[in-house]
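Because only heavy atoms are used, hydrogens play no part in the values below, and waters and symmetry mates are left out as well, while side chains stay in. Everything numeric here is computed off the predicted structure, so don't read it as measured data. Positions are given from 1, in the same order as the sequence printed here.
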Amino acid sequence: MKSDIIIIGSGPGGYRTAAYAAAKGKTVTIFEEGPLGGTCLNVGCIPTKTFARSAEAAGEMRNAAQLGLKAIEPEFSLADIVARKDAIVDQLRQAIAGVLSAPGITLVNAKAEFVDDHTVEAAGERYTADNIIIASGSSHKSLRIEALDESMLLTSDTLLSLTEFPRRLVIVGAGVIGMEFASIFRQLGAEVTVVEFLKECIPALDADVAKRLRKVLEKQGVEFYMQSAVKSIANGCVTFERKGKEQSIEADKVLVAVGRKPNVEGFALEKTSIKYDARGIEVDDDMLTNVPGVYAIGDVNARMMLAHAATMQGLHVVNTIVGVKDDIRLDIMPAAIFTNPEAACVGKTEEQLKADGVDIEVRKKNYRTNGRALAMAEPEGMIKLVADKNSGEILSCHAYGAHSADIVQEISALMCKHTTVQQLHEMVHIHPTINEMLQEI
(Lines give C-alpha, C1' and ligand atoms only; values in the text may rest on other atoms or scores of the structure.)
Protein backbone atom coordinates (compact mmCIF):
# COMPACT_ATOMS: atom_id res chain seq x y z
CA MET A 1 0.00 0.00 0.00
CA LYS A 2 1.54 3.27 -1.10
CA SER A 3 0.84 6.88 -0.12
CA ASP A 4 2.71 10.14 -0.60
CA ILE A 5 3.59 10.49 3.08
CA ILE A 6 3.80 8.08 6.00
CA ILE A 7 3.63 9.52 9.53
CA ILE A 8 4.50 7.47 12.62
CA GLY A 9 2.79 8.93 15.68
CA SER A 10 -0.42 10.92 16.23
CA GLY A 11 0.72 13.53 18.74
CA PRO A 12 0.49 17.26 17.93
CA GLY A 13 3.32 16.88 15.44
CA GLY A 14 1.77 13.85 13.76
CA TYR A 15 -1.90 14.71 13.45
CA ARG A 16 -1.42 18.40 12.63
CA THR A 17 1.14 17.47 9.97
CA ALA A 18 -1.21 14.88 8.49
CA ALA A 19 -4.03 17.41 8.22
CA TYR A 20 -1.75 20.03 6.66
CA ALA A 21 -0.30 17.56 4.15
CA ALA A 22 -3.79 16.42 3.12
CA ALA A 23 -4.81 20.05 2.64
CA LYS A 24 -1.82 20.38 0.30
CA GLY A 25 -3.15 17.52 -1.80
CA LYS A 26 -0.94 14.74 -0.46
CA THR A 27 -2.17 11.28 0.52
CA VAL A 28 -1.15 10.39 4.06
CA THR A 29 -1.02 7.16 6.06
CA ILE A 30 -0.62 7.80 9.79
CA PHE A 31 0.11 5.08 12.35
CA GLU A 32 -0.76 5.10 16.04
CA GLU A 33 -0.58 2.08 18.33
CA GLY A 34 -1.91 3.91 21.40
CA PRO A 35 -4.59 6.54 22.05
CA LEU A 36 -4.74 9.39 19.55
CA GLY A 37 -3.04 12.61 20.63
CA GLY A 38 0.26 11.25 21.90
CA THR A 39 1.87 12.27 25.17
CA CYS A 40 0.62 15.86 25.03
CA LEU A 41 -3.07 15.02 25.03
CA ASN A 42 -3.10 11.82 27.07
CA VAL A 43 -0.45 12.21 29.78
CA GLY A 44 1.13 15.62 29.23
CA CYS A 45 0.10 19.17 28.40
CA ILE A 46 -3.68 18.92 28.52
CA PRO A 47 -4.16 16.65 31.57
CA THR A 48 -1.62 18.68 33.54
CA LYS A 49 -3.43 21.93 32.71
CA THR A 50 -6.78 20.53 33.83
CA PHE A 51 -5.16 19.62 37.16
CA ALA A 52 -3.56 23.08 37.30
CA ARG A 53 -6.91 24.82 36.84
CA SER A 54 -8.52 22.78 39.63
CA ALA A 55 -5.56 23.59 41.89
CA GLU A 56 -5.73 27.27 40.98
CA ALA A 57 -9.43 27.35 41.88
CA ALA A 58 -8.65 25.71 45.23
CA GLY A 59 -6.03 28.39 45.87
CA GLU A 60 -8.47 31.16 44.97
CA MET A 61 -11.03 29.78 47.43
CA ARG A 62 -8.46 29.52 50.19
CA ASN A 63 -7.12 33.05 49.54
CA ALA A 64 -10.43 34.76 48.75
CA ALA A 65 -9.99 37.24 51.62
CA GLN A 66 -7.46 39.22 49.60
CA LEU A 67 -10.28 39.92 47.12
CA GLY A 68 -12.66 41.07 49.84
CA LEU A 69 -14.50 37.74 49.91
CA LYS A 70 -14.93 35.11 52.59
CA ALA A 71 -12.18 32.51 52.39
CA ILE A 72 -13.19 28.85 52.57
CA GLU A 73 -11.15 25.69 52.70
CA PRO A 74 -11.91 23.77 49.48
CA GLU A 75 -13.25 20.25 49.67
CA PHE A 76 -12.52 17.92 46.78
CA SER A 77 -12.00 14.37 45.63
CA LEU A 78 -8.92 13.68 43.54
CA ALA A 79 -11.03 11.08 41.73
CA ASP A 80 -13.39 13.88 40.59
CA ILE A 81 -10.46 15.94 39.28
CA VAL A 82 -9.20 12.90 37.40
CA ALA A 83 -12.70 12.25 36.00
CA ARG A 84 -12.88 15.83 34.71
CA LYS A 85 -9.46 15.41 33.14
CA ASP A 86 -10.50 12.16 31.48
CA ALA A 87 -13.63 13.76 30.02
CA ILE A 88 -11.63 16.63 28.50
CA VAL A 89 -9.03 14.26 27.08
CA ASP A 90 -11.75 12.07 25.57
CA GLN A 91 -13.45 15.07 23.97
CA LEU A 92 -10.20 16.23 22.37
CA ARG A 93 -9.29 12.70 21.32
CA GLN A 94 -12.58 12.48 19.42
CA ALA A 95 -11.77 15.80 17.75
CA ILE A 96 -8.44 14.42 16.54
CA ALA A 97 -10.22 11.33 15.20
CA GLY A 98 -12.40 13.72 13.22
CA VAL A 99 -9.36 15.51 11.82
CA LEU A 100 -7.78 12.21 10.78
CA SER A 101 -10.94 11.06 9.02
CA ALA A 102 -10.54 13.79 6.39
CA PRO A 103 -10.18 12.80 2.71
CA GLY A 104 -6.62 11.82 1.83
CA ILE A 105 -5.77 10.56 5.33
CA THR A 106 -5.69 6.88 6.29
CA LEU A 107 -5.40 6.17 10.01
CA VAL A 108 -3.94 2.81 10.97
CA ASN A 109 -4.49 1.93 14.63
CA ALA A 110 -1.51 -0.39 14.90
CA LYS A 111 2.17 -0.41 15.71
CA ALA A 112 4.38 0.47 12.73
CA GLU A 113 7.82 -1.08 12.34
CA PHE A 114 10.38 -0.34 9.67
CA VAL A 115 11.18 -3.01 7.12
CA ASP A 116 13.64 -0.80 5.22
CA ASP A 117 14.29 2.93 4.71
CA HIS A 118 10.94 3.58 3.01
CA THR A 119 8.74 0.68 4.07
CA VAL A 120 6.91 0.00 7.32
CA GLU A 121 4.80 -2.94 8.43
CA ALA A 122 1.72 -2.82 10.66
CA ALA A 123 -0.84 -5.50 11.51
CA GLY A 124 0.55 -7.78 8.82
CA GLU A 125 0.36 -5.18 6.03
CA ARG A 126 3.25 -3.35 4.37
CA TYR A 127 3.14 0.34 3.56
CA THR A 128 5.55 2.46 1.55
CA ALA A 129 5.98 6.16 0.76
CA ASP A 130 8.58 8.41 -0.81
CA ASN A 131 8.42 10.57 2.31
CA ILE A 132 8.26 9.29 5.89
CA ILE A 133 7.90 11.51 8.97
CA ILE A 134 8.81 9.98 12.33
CA ALA A 135 6.88 11.64 15.15
CA SER A 136 7.19 9.00 17.85
CA GLY A 137 7.59 11.42 20.76
CA SER A 138 9.31 10.73 24.08
CA SER A 139 8.87 8.94 27.40
CA HIS A 140 9.88 9.67 30.98
CA LYS A 141 13.37 8.84 32.25
CA SER A 142 13.84 6.66 35.31
CA LEU A 143 16.16 6.89 38.30
CA ARG A 144 19.19 4.62 38.47
CA ILE A 145 19.64 3.91 42.16
CA GLU A 146 20.02 0.62 44.01
CA ALA A 147 17.35 0.95 46.73
CA LEU A 148 14.11 1.63 44.89
CA ASP A 149 10.66 0.79 46.23
CA GLU A 150 8.47 0.66 43.13
CA SER A 151 5.29 0.89 45.22
CA MET A 152 6.24 4.45 46.23
CA LEU A 153 7.05 5.65 42.73
CA LEU A 154 4.96 7.74 40.38
CA THR A 155 5.69 9.06 36.91
CA SER A 156 3.94 12.04 35.37
CA ASP A 157 1.82 9.43 33.54
CA THR A 158 0.62 7.56 36.63
CA LEU A 159 0.23 10.65 38.82
CA LEU A 160 -2.42 11.97 36.43
CA SER A 161 -4.59 8.92 37.10
CA LEU A 162 -4.01 8.71 40.86
CA THR A 163 -7.30 8.76 42.76
CA GLU A 164 -5.96 8.57 46.31
CA PHE A 165 -4.57 11.94 47.39
CA PRO A 166 -0.89 11.82 48.47
CA ARG A 167 -0.62 13.89 51.65
CA ARG A 168 3.17 13.83 51.56
CA LEU A 169 4.54 14.09 48.03
CA VAL A 170 8.26 14.17 47.25
CA ILE A 171 9.21 15.23 43.73
CA VAL A 172 12.62 14.28 42.35
CA GLY A 173 13.50 16.89 39.76
CA ALA A 174 12.82 20.64 39.52
CA GLY A 175 12.36 20.88 35.78
CA VAL A 176 9.12 21.95 34.11
CA ILE A 177 7.21 18.77 35.04
CA GLY A 178 8.44 18.72 38.63
CA MET A 179 7.69 22.39 39.23
CA GLU A 180 4.20 22.21 37.72
CA PHE A 181 3.21 19.25 39.88
CA ALA A 182 4.80 20.85 42.94
CA SER A 183 2.61 23.91 42.42
CA ILE A 184 -0.52 21.85 41.71
CA PHE A 185 -0.33 19.53 44.70
CA ARG A 186 0.72 22.24 47.13
CA GLN A 187 -2.35 24.30 46.17
CA LEU A 188 -4.48 21.20 46.67
CA GLY A 189 -3.09 20.91 50.19
CA ALA A 190 -0.34 18.30 50.04
CA GLU A 191 2.99 18.61 51.81
CA VAL A 192 5.36 18.93 48.85
CA THR A 193 9.14 18.57 48.86
CA VAL A 194 11.31 18.93 45.76
CA VAL A 195 14.76 17.35 45.57
CA GLU A 196 16.93 18.62 42.71
CA PHE A 197 20.51 17.78 41.72
CA LEU A 198 21.21 21.15 40.04
CA LYS A 199 21.75 24.52 41.70
CA GLU A 200 18.53 26.07 40.36
CA CYS A 201 15.17 24.97 38.98
CA ILE A 202 14.14 25.01 35.30
CA PRO A 203 17.52 25.44 33.53
CA ALA A 204 15.92 26.91 30.39
CA LEU A 205 14.71 29.92 32.39
CA ASP A 206 16.85 32.94 33.12
CA ALA A 207 18.48 32.24 36.50
CA ASP A 208 17.10 35.46 38.00
CA VAL A 209 13.54 34.57 36.97
CA ALA A 210 13.90 30.90 37.99
CA LYS A 211 15.13 31.84 41.46
CA ARG A 212 12.26 34.27 42.01
CA LEU A 213 9.72 31.68 40.89
CA ARG A 214 11.19 29.12 43.27
CA LYS A 215 11.03 31.63 46.14
CA VAL A 216 7.33 32.23 45.44
CA LEU A 217 6.63 28.49 45.63
CA GLU A 218 8.64 28.33 48.85
CA LYS A 219 6.39 31.03 50.33
CA GLN A 220 3.42 28.87 49.35
CA GLY A 221 4.90 26.02 51.36
CA VAL A 222 6.89 23.94 48.86
CA GLU A 223 10.18 22.82 50.40
CA PHE A 224 13.22 22.68 48.11
CA TYR A 225 16.49 20.80 48.51
CA MET A 226 18.75 21.98 45.70
CA GLN A 227 22.14 20.47 44.81
CA SER A 228 20.94 17.19 46.29
CA ALA A 229 21.54 13.68 44.93
CA VAL A 230 18.94 10.99 45.64
CA LYS A 231 20.50 7.82 47.04
CA SER A 232 17.47 5.65 47.83
CA ILE A 233 13.68 5.53 47.82
CA ALA A 234 12.56 2.85 50.25
CA ASN A 235 10.73 2.18 53.52
CA GLY A 236 8.56 5.26 53.14
CA CYS A 237 11.56 7.60 52.85
CA VAL A 238 13.58 9.43 50.23
CA THR A 239 17.26 9.60 51.18
CA PHE A 240 19.59 12.06 49.49
CA GLU A 241 23.03 13.59 49.91
CA ARG A 242 23.31 17.36 50.23
CA LYS A 243 26.54 19.24 50.87
CA GLY A 244 28.24 16.03 51.96
CA LYS A 245 25.53 15.12 54.46
CA GLU A 246 22.85 12.46 54.13
CA GLN A 247 19.23 13.45 54.79
CA SER A 248 15.89 11.63 54.64
CA ILE A 249 12.30 12.75 54.06
CA GLU A 250 9.18 10.71 54.71
CA ALA A 251 6.85 10.36 51.73
CA ASP A 252 3.58 8.71 50.80
CA LYS A 253 4.43 8.90 47.11
CA VAL A 254 7.45 9.98 45.08
CA LEU A 255 7.14 11.56 41.64
CA VAL A 256 10.21 10.93 39.50
CA ALA A 257 10.49 13.89 37.11
CA VAL A 258 14.10 13.74 35.94
CA GLY A 259 13.44 14.45 32.28
CA ARG A 260 12.29 12.69 29.13
CA LYS A 261 14.02 10.60 26.50
CA PRO A 262 13.30 10.30 22.75
CA ASN A 263 11.33 7.22 21.69
CA VAL A 264 13.83 5.64 19.30
CA GLU A 265 13.09 2.05 20.31
CA GLY A 266 10.22 -0.22 19.37
CA PHE A 267 9.73 0.49 15.67
CA ALA A 268 12.81 -1.22 14.21
CA LEU A 269 14.93 1.80 13.35
CA GLU A 270 17.86 -0.59 13.38
CA LYS A 271 16.59 -2.04 10.08
CA THR A 272 17.13 1.31 8.37
CA SER A 273 20.09 3.50 7.46
CA ILE A 274 18.80 6.31 9.72
CA LYS A 275 21.38 7.73 12.12
CA TYR A 276 20.21 7.80 15.73
CA ASP A 277 21.25 7.06 19.28
CA ALA A 278 19.74 7.31 22.76
CA ARG A 279 19.78 11.11 22.44
CA GLY A 280 17.45 11.04 19.44
CA ILE A 281 17.33 10.89 15.66
CA GLU A 282 19.85 13.12 13.87
CA VAL A 283 18.26 15.76 11.62
CA ASP A 284 19.28 18.92 9.77
CA ASP A 285 17.49 22.28 9.99
CA ASP A 286 14.74 20.97 7.71
CA MET A 287 14.21 17.97 10.06
CA LEU A 288 15.65 15.70 7.34
CA THR A 289 17.58 12.62 8.49
CA ASN A 290 20.59 11.26 6.65
CA VAL A 291 18.17 9.22 4.51
CA PRO A 292 16.56 11.22 1.65
CA GLY A 293 12.83 11.58 2.15
CA VAL A 294 12.85 10.51 5.81
CA TYR A 295 12.24 13.18 8.44
CA ALA A 296 11.98 13.24 12.25
CA ILE A 297 9.96 15.87 14.13
CA GLY A 298 9.20 16.70 17.75
CA ASP A 299 10.61 15.04 20.85
CA VAL A 300 12.22 12.19 18.93
CA ASN A 301 14.80 14.54 17.40
CA ALA A 302 15.32 16.15 20.85
CA ARG A 303 15.89 19.62 19.41
CA MET A 304 13.09 21.16 21.46
CA MET A 305 10.78 18.92 23.48
CA LEU A 306 7.61 20.98 23.16
CA ALA A 307 4.29 20.10 21.54
CA HIS A 308 4.18 23.30 19.50
CA ALA A 309 7.75 22.72 18.32
CA ALA A 310 6.66 19.35 16.92
CA THR A 311 3.72 20.98 15.16
CA MET A 312 5.75 23.73 13.52
CA GLN A 313 8.55 21.35 12.55
CA GLY A 314 5.93 19.14 10.89
CA LEU A 315 4.41 22.02 8.94
CA HIS A 316 7.87 23.02 7.78
CA VAL A 317 8.59 19.46 6.62
CA VAL A 318 5.41 19.40 4.52
CA ASN A 319 6.34 22.74 3.00
CA THR A 320 9.75 21.31 2.17
CA ILE A 321 8.17 18.25 0.54
CA VAL A 322 5.72 20.27 -1.60
CA GLY A 323 8.32 22.93 -2.45
CA VAL A 324 6.73 25.84 -0.59
CA LYS A 325 9.00 28.41 1.05
CA ASP A 326 7.87 29.50 4.50
CA ASP A 327 8.93 31.98 7.17
CA ILE A 328 8.66 29.58 10.10
CA ARG A 329 11.32 30.54 12.66
CA LEU A 330 12.18 27.31 14.44
CA ASP A 331 15.00 29.14 16.22
CA ILE A 332 12.46 31.30 18.06
CA MET A 333 10.56 28.88 20.26
CA PRO A 334 8.57 30.23 23.22
CA ALA A 335 7.86 27.97 26.19
CA ALA A 336 5.70 28.23 29.29
CA ILE A 337 5.70 26.65 32.75
CA PHE A 338 2.19 26.49 34.22
CA THR A 339 2.98 26.85 37.88
CA ASN A 340 1.05 29.39 39.93
CA PRO A 341 2.23 31.99 39.12
CA GLU A 342 3.18 30.83 35.67
CA ALA A 343 6.50 31.49 33.94
CA ALA A 344 7.57 31.66 30.31
CA CYS A 345 10.56 32.36 28.10
CA VAL A 346 11.69 32.88 24.53
CA GLY A 347 15.27 33.25 23.37
CA LYS A 348 18.54 32.76 25.22
CA THR A 349 19.12 33.78 28.83
CA GLU A 350 21.14 36.83 29.82
CA GLU A 351 24.00 34.52 30.85
CA GLN A 352 23.98 32.68 27.52
CA LEU A 353 23.99 35.87 25.47
CA LYS A 354 26.90 37.26 27.48
CA ALA A 355 28.78 34.00 26.99
CA ASP A 356 28.19 34.39 23.24
CA GLY A 357 29.88 37.79 23.42
CA VAL A 358 26.74 39.76 22.52
CA ASP A 359 26.65 43.38 23.71
CA ILE A 360 23.27 43.46 25.43
CA GLU A 361 20.92 45.78 27.27
CA VAL A 362 18.75 44.27 30.02
CA ARG A 363 15.41 45.79 30.97
CA LYS A 364 13.17 44.68 33.87
CA LYS A 365 9.64 45.50 34.96
CA ASN A 366 7.95 44.34 38.16
CA TYR A 367 4.25 43.45 38.34
CA ARG A 368 3.71 45.38 41.56
CA THR A 369 3.70 48.64 39.58
CA ASN A 370 0.92 47.48 37.21
CA GLY A 371 -2.70 48.43 37.94
CA ARG A 372 -4.21 45.32 36.35
CA ALA A 373 -1.89 43.03 38.33
CA LEU A 374 -2.85 44.73 41.60
CA ALA A 375 -6.56 44.58 40.72
CA MET A 376 -6.16 40.84 40.10
CA ALA A 377 -4.33 40.43 43.42
CA GLU A 378 -1.33 39.19 41.41
CA PRO A 379 1.50 41.58 42.37
CA GLU A 380 4.20 38.87 42.26
CA GLY A 381 5.98 38.82 38.92
CA MET A 382 8.69 40.27 36.71
CA ILE A 383 9.42 40.70 33.01
CA LYS A 384 13.02 40.58 31.84
CA LEU A 385 13.63 41.80 28.30
CA VAL A 386 17.05 41.55 26.66
CA ALA A 387 17.98 43.53 23.54
CA ASP A 388 21.02 44.10 21.37
CA LYS A 389 22.63 47.23 22.80
CA ASN A 390 23.64 48.57 19.40
CA SER A 391 20.64 47.82 17.18
CA GLY A 392 17.95 47.69 19.85
CA GLU A 393 16.59 44.43 18.41
CA ILE A 394 14.81 42.27 20.98
CA LEU A 395 16.77 39.06 21.63
CA SER A 396 14.86 37.37 24.44
CA CYS A 397 12.19 37.66 27.10
CA HIS A 398 11.94 35.67 30.34
CA ALA A 399 9.13 36.30 32.81
CA TYR A 400 7.10 34.96 35.69
CA GLY A 401 3.75 36.14 36.97
CA ALA A 402 0.10 36.12 35.88
CA HIS A 403 -0.30 35.85 32.09
CA SER A 404 3.47 35.73 31.58
CA ALA A 405 2.92 33.17 28.80
CA ASP A 406 0.81 35.74 26.93
CA ILE A 407 3.54 38.36 27.35
CA VAL A 408 6.22 36.02 26.05
CA GLN A 409 3.99 35.00 23.14
CA GLU A 410 3.71 38.66 22.12
CA ILE A 411 7.48 39.12 22.30
CA SER A 412 8.01 35.89 20.36
CA ALA A 413 5.90 37.18 17.47
CA LEU A 414 7.81 40.46 17.49
CA MET A 415 11.17 38.68 17.53
CA CYS A 416 10.15 36.79 14.39
CA LYS A 417 9.99 40.19 12.66
CA HIS A 418 13.25 41.56 14.16
CA THR A 419 11.40 44.18 16.22
CA THR A 420 13.36 46.72 18.28
CA VAL A 421 12.54 47.94 21.79
CA GLN A 422 11.73 51.38 20.38
CA GLN A 423 9.23 49.89 17.93
CA LEU A 424 7.66 47.91 20.77
CA HIS A 425 7.25 51.10 22.78
CA GLU A 426 5.44 52.70 19.84
CA MET A 427 2.82 49.94 19.62
CA VAL A 428 -0.51 50.72 21.30
CA HIS A 429 -1.40 48.39 24.18
CA ILE A 430 -4.80 48.06 25.86
CA HIS A 431 -5.14 49.64 29.31
CA PRO A 432 -5.44 48.16 31.85
CA THR A 433 -3.62 44.94 30.99
CA ILE A 434 -0.56 43.05 32.15
CA ASN A 435 0.94 43.35 28.66
CA GLU A 436 1.02 47.14 28.76
CA MET A 437 4.09 46.83 30.99
CA LEU A 438 5.98 46.10 27.77
CA GLN A 439 5.46 49.74 26.74
CA GLU A 440 7.16 50.88 29.92
CA ILE A 441 9.97 48.37 30.17
Side-chain angles (χ1 to χ4, degrees), residues 3-32 36-41 44-46 92-93 95-107 112 118 129-138 262-263 274 280-289 291-336 344 346-347 405 408-418:
S3 53
D4 295 325
I5 300 173
I6 282 174
I7 299 175
I8 299 174
S10 72
Y15 84 81
R16 288 283 303 278
T17 301
Y20 185 64
K24 292 291 184 183
K26 295 295 182 180
T27 56
V28 179
T29 304
I30 181 168
F31 298 86
E32 178 55 71
L36 295 180
T39 294
C40 176
L41 174 56
C45 325
I46 303 302
L92 293 172
R93 200 181 287 146
I96 293 173
V99 169
L100 296 181
S101 66
I105 302 176
T106 300
L107 170 62
H118 284 274
D130 292 333
N131 296 285
I132 295 180
I133 302 172
I134 303 169
S136 54
S138 64
N263 288 333
I274 299 168
I281 296 175
E282 293 183 25
V283 295
D284 65 13
D285 289 342
D286 289 323
M287 308 303 121
L288 180 65
T289 69
V291 176
V294 180
Y295 303 82
I297 64 171
D299 288 9
V300 75
N301 68 33
R303 285 200 160 200
M304 187 69 75
M305 288 188 167
L306 296 165
H308 48 280
T311 296
M312 298 311 292
Q313 288 174 6
L315 301 187
H316 180 68
V317 166
V318 173
N319 287 337
T320 301
I321 291 170
V322 301
V324 172
K325 179 174 171 48
D326 62 44
D327 292 320
I328 296 173
R329 292 286 302 274
L330 295 174
D331 59 318
I332 297 177
M333 194 61 65
V346 63
V408 165
Q409 180 59 67
E410 177 180 342
I411 295 299
S412 176
L414 296 177
M415 285 172 61
C416 287
K417 298 302 178 184
H418 305 282

Could you go step by step and tell me if Ile321 and Val317 meet the side-chain contact (heavy atoms from CB on, under 4.5 Å) rule?
-> CA-CA 6 Å; Ile321 291 170; Val317 166; 3.8 Å; yes

Could you tell me whether the side chain of Glu32 and the main chain of Gly9 form a donor-acceptor pair under 3.5 Å?
-> no

For the side chain of Asp284 and the backbone of Met287, is there at least one donor-acceptor N/O pair under 3.5 Å apart?
-> yes

Sorted by chain and residue number, the salt bridge (Lys or Arg N to Asp or Glu O under 4.0 Å) partners of Asp130 (sequence neighbours excluded) come out as Lys2

Under 3.5 Å: donor-acceptor pair, side chain of His316, backbone of Leu330 = no

Asn263: side chain to side chain contact (heavy atoms under 4.5 Å, CB included) partners, not counting sequence neighbours | Ser136, Ser139

Indicate whether any N or O donor in one side chain lies under 3.5 Å from an N or O acceptor in the other, for Asn301 and Glu282.
-> no

Ala21 versus Val28, closest heavy-atom pair with distance | CB-CG2, 3.7 Å

Donor-acceptor pair, Ser412 side chain versus Val408 backbone, under 3.5 Å?
-> no

Any donor-acceptor pair under 3.5 Å from Asp4 side chain to Thr27 backbone | yes

Could you give the distance from CD1 (Ile6) to CD1 (Ile133), rounded to the nearest 0.5 Å?
-> 10.5 Å

Classify the side-chain pair Thr29/Ser3 by whether it contains a donor and acceptor separated by less than 3.5 Å.
-> yes

Answer yes or no: are there more than 12 heavy-atom neighbours, outside Arg16 itself, under 6.0 Å from its atom CZ?
-> no

Checking Gln313 side chain against Ile297 main chain: does a donor-acceptor pair fall under 3.5 Å?
-> no

Would you say Asp326's side chain and Ile328's backbone share a donor-acceptor pair under 3.5 angstrom?
-> yes

Is Ser10 reaching over with its side chain to a backbone N or O of Gly37, donor-acceptor style, under 3.5 angstrom?
-> yes

Identify the two heavy atoms, one from Ala18 and one from Leu100, that lie closest to each other, and give their separation to 0.1 Å.
-> CB-CD2, 4.0 Å

